[in-house]
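Naming: A, B, ... by sequence-line order, numbering from 1 per chain. Note that the coordinates shown come from a computational prediction; the quantities given were computed from them, not determined experimentally.
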Amino acid sequence: MKEAEGTERSRRGFLGFLGAVGLGWLAAAIYPVFRYLSPQAPPDPFGEDGRALVEKITSAEVSQPGMGGNGKYGNRGLLIFRNQSGTLKAFDSKCTHAGCNVAFEGERIYCHCHGGTYDLEGRNIAGPPPRPLTELGVVEEDGLLHVYRLTGGGESEAGS
Amino acid sequence: MKYEIPAEAEERLPAPDTRSGLLSRWFLQRFPVWRTYEHLEGKVVPKHRHSVWYNMGGLALFFFIVQVITGVLLMVYYRPAEPWMSVQRIVMEVPFGAVIRSIHHWSANLMTLALFIHLFSTFFMKAYREPREFTWLSGALLFAVTLVFGFSGYLLPWDDLAFFATRVGIAEVEKAPLLGMWLADLARGGPEVTVDTIGRFYTLHVMVLPVTILTIIGLHLFFIQVQGVSEPDFFAALPPEQKKYEKFFSEFMFGEIPIWLCMGALLVAISAVWPRGLSPEADPFGSAPAGIKPEWYFLSQFQLLKLFPGKIEAVGMFLWTMIPIGILTVPFLDRSIPADDRGRLVTKIGIVALLGLLLFTVWGGLS
Ligand code: HEM
Ligand code: FES
């Protein structure tokens with residue numbers, strides 16, 4: 001009787017030990033898999049000088065007031081246009097509603113996905129977008145366009 | 001050493017000097033499955049005015065088989081590194097490529113539709129009650145896996161409609177509390193939908209999900225074979241002489257064959273008349289085209305979320321989350337056979353949920 005209890009206890013002990021080792025083993029296997037599948041942080045689109053080169057749209061395509069379109073900086077979408085007073089304006093093109101890319105439509109910025117509408121300052125004026133677009137500063141240099149991050153609200157200091 | 005044939009089998013097997021008698025004995029001496037055979041032979045399906053619904057699960061299975069066949073064929077030419085180009089090649093150059101792709105598209109939709117009907121018909125017949133809770137839960141899981149199949153497959157052609165619809169779809173996932181952001185990043189492989197996302201969706205779509213769904217289908221069918229088909233209350237209440245049954249093997253199964261054949265023909269016909277289109281290649285940096293809409297089976301959700309924009313979006317999320325929660329808990333809430341007051345209330349809630357889903361789907365489709 002006693003002996004049986006003793007073996008029963010040691011059997012349980014052994015099973016518990018096996019369970020613990022098994023769990024440890026599983027954790028050791030899961031962690032690398034988890035890290036493998038977790039996305040890496042995307043590279044910062046802005047280089048060391050704080051600027052990013054604009055691609056897929058050239059300064060010739062925004063040379064006159066009222067001209068504009070979509071391009072990219074780093075691996076992000078960009079909306080860039082020249083407004084009626086001749087200033088270059090640039091926004092990250094990701095709609096603040098659900099992430100479609102917005103389009104420049106002369107009088108306004110429009111998102112075809114659910115009809116989100118922004119004015120030319122990037123303010124959400126109609127439809128579902130909850131926030132204004134993120135504005136970027138623009139510099140034009142040797143016929144190349146660059147954008148940079150505007151700090152602190154950044155509505156006033158759009159570059160030229 | 002061969003197995004012995006049980007006496008009750010000897011009584012019923014064809015005479016040992018006939019060919020079928022020889023063959024069945026040869027088999028039973030190697031695989032002693034007479035008990036299982038007897039069990040399956042005794043399986044019946046109730047016959048009543050709502051019997052047609054019993055075919056829906058089988059129909060979904062048929063469409064799934066079509067998906068496996070056409071999907072494997074598509075894999076031969078589909079290349080995740082050149083998604084749009086390779087699908088364009090399937091459609092433009094490969095003989096019958098356009099048809100096979102269209103069948104995969106239509107059969108995916110019909111599979112989802114059949115499961116939808118299957119889910120609601122078993123719900124209204126209250127087939128989830130004891131002892132079939134796990135049949136119901138495994139079925140709910142099958143439905144969920146099918147939705148993920150549809151969502152992941154939809155992105156694979158990498159055309160601009162698919163691209164932005166996926167971007168919007170995952171942005172909705174982002175808004176879910178707690179795990180939403182993490183899950184969205186995990187699905188995309190980063191903060192944006194890129195070709196990395198294709199790698200993830202492709203692996204899911206052709207490997208992880210098929211293995212998962214086959215396992216659950218196996219369980220689901222196993223439960224059904226062991227437990228038999230439930231009798232709805234109105235049928236169970238009939239006097240025994242009025243209850244009619246059909247044998248599962250093979251009357252019911254043979255009854256499915258013409259349905260499957262018709263559906264196969266229907267698939268080919270609609271695929272020929274309405275081939276699946278391919279819009280221009282996705283440009284992750286271009287502006288979104290007009291006409292972005294999710295597949296119809298996500299429309300109701302989409303429309304509900306649109307109703308509650310901005311700060312009150314959580315209300316829409318909450319309302320929508322009630323449906324999966326209801327599905328998962330109903331076998332444990334509504335248990336009385338025959339249905340009591342609570343059972344009837346559950347039926348009414350089900351009707352409201354079904355009408356709501358239909359209304360929001362149509363509304364989402366029109367707007
Ligand atoms: C073993 C099973 C399956 C395999 C191997 C497979 C494979 C594939 C492949 C290679 C593609 C890309 C080609 C293309 O987009 O035309 C694709 C697309 C797709 N798959 Fe599957 N698939 C399977 C099952 C399913 C299931 C069960 C569903 C849904 C219920 C589904 C829904 C879709 C959808 C909606 C598309 C996009 C079709 C389009 O618009 O072109 N697939 N599948
Ligand atoms: S994503 Fe732009 S309005 Fe919805």
Quiz item: Parallel under 30°, tilted from 30 to 60°, perpendicular over 60°: which one fits the rings of Phe34(A) and Trp182(B)?
Solution: parallel

Quiz item: With a cut-off of 6.0 Å (strictly less than), are more than 12 heavy atoms of other residues, nucleotides or ligands near CZ of Arg108(A)?
Solution: yes

Self-check item: Side-chain donor/acceptor of Asp185(B) to backbone N/O of Ser38(A), under 3.5 Å
Solution: no

Quiz item: Tell me, side chain or backbone of Arg76(A) under 4.5 Å from chain B's heavy atoms, or both, or neither?
Solution: both

Self-check item: Within 6.0 Å of CZ in Arg89(B), more than 12 heavy atoms from elsewhere
Solution: no

Self-check item: Under 4.5 Å from any heavy atom of chain A - which part of Arg200(B)
Solution: side chain

Quiz item: When rounded to the nearest 0.5 angstrom, what distance separates CD1 in Ile57(A) from CZ in Phe285(B)?
Solution: 13.5 Å

Self-check item: Shortest non-hydrogen contact from Ala98(A) toward Ala171(B)
Solution: O-CB, 3.4 Å

Quiz item: If you draw a 6.0 Å radius around CZ in Phe223(B), do more than 12 non-hydrogen atoms from other residues or ligands fall strictly inside?
Solution: yes

Quiz prompt | Most chain B-contacting option - heavy-atom pairs closer than 4.5 Å, from Asn101(A), Val102(A), Leu37(A) | solution = Asn101(A)

Quiz prompt | Contacting region of Pro284(B) [heavy-atom separation from chain A under 4.5 Å] | solution = backbone

Quiz item: Atom CG in Asp160(B), atom NE2 in His112(A): separation rounded to 0.5 Å?
Solution: 11.5 Å

Quiz item: Do you know which of Gly71(A), Gly115(A), Cys95(A) has the most heavy-atom pairs with chain B at a distance under 4.5 angstrom?
Solution: Gly71(A)

Quiz item: With a cut-off of 6.0 Å (strictly less than), are more than 12 heavy atoms of other residues, nucleotides or ligands near CD of Glu55(A)?
Solution: yes

Quiz item: Do you know which of Glu192(B), Glu174(B), Lys293(B) has the most heavy-atom pairs under 4.5 Å to chain A?
Solution: Glu192(B)

